[in-house]
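Here the structure is laid out as structure tokens; the discussion comes afterwards.
Indexing begins at 1, ligand by ligand and atom by atom, following the structure's order. Predicted, not measured: the structure shown is a model, and the values here were computed from it.
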Amino acid sequence: GIPCVSYENVADINDYEQIIYLGGLYAGGVKGLKNTFSLLKKSNIKTIVVTVGIADVSNKENTDKIKVSLEKQLGDDIYKNSLIFHLRGGIDYGKLNFMH
Ligand SMILES: Cc1cc2nc3c(=O)[nH]c(=O)nc-3n(C[C@H](O)[C@H](O)[C@H](O)COP(=O)(O)O)c2cc1C
């Protein structure tokens with residue numbers, strides 16, 4: 001029953017009482033995360049952030065680096081109120097284009 005919306009189609013992030021944000025890591029940051037959360041006015045909202053990236057997430061050095069980046073993207077208050085999970089994704093090299 002939880003609505004699933006692309007970050008590009010979120011009209012007003014303040015309309016949600018709980019946010020679960022899943023996003024791919026691109027050059028160290030989660031795609032769309034900073035812009036999406038920059039519009040959030042409440043800092044006490046319960047947030048779950050799930051990162052998906054190619055790096056080995058059983059390696060604490062890697063997840064520590066991702067967390068540093070998340071803190072910068074989310075800001076201190078939202079970061080502190082967030083539950084963070086890391087998933088390992090993949091790269092389909094055949095689908096990469098010039099932009100990638
Ligand atoms: C241009 C580019 C940059 C990437 N940068 C990172 C990165 O900094 N850290 C990481 O763990 N994975 C990185 N990846 C891997 C992606 O996070 C991984 O492919 C992920 O599964 C993408 O999810 P999506 O296809 O749902 O966007 C990168 C992939 C591409 C194509």
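Partners of Y16 by ring pair (Phe, Tyr, Trp, His ring centres under 6.0 Å), not counting sequence neighbours: none found.
Grouped with I48 in one hydrophobic cluster are I2, I20, L22, V50, V52, L83, F85, L87, the linkage being side-chain heavy-atom contacts under 4.5 Å among Ile, Leu, Val, Met, Phe, Trp and Tyr residues. Listed by chain and number, the hydrophobic cluster partners of L96 are I54, I91, Y93, where partners are ILVMFWY side chains within reach of under 4.5 Å, directly or through others.
Side chain of N97 to backbone of H100: a donor-acceptor contact under 3.5 angstrom is found. Between the side chain of N14 and the backbone N or O of L39 there is at least one donor-acceptor pair closer than 3.5 Å.
Listed by chain and residue number, the protein contacts of ligand 1 are G24, L25, Y26, A27, G28, V52, G53, I54, A55, G89, G90, I91, L96, H100 (heavy atom within 4.0 angstrom).
By the 30° and 60° cut-offs, the orientation of the rings of Y21 relative to Y7 is tilted.
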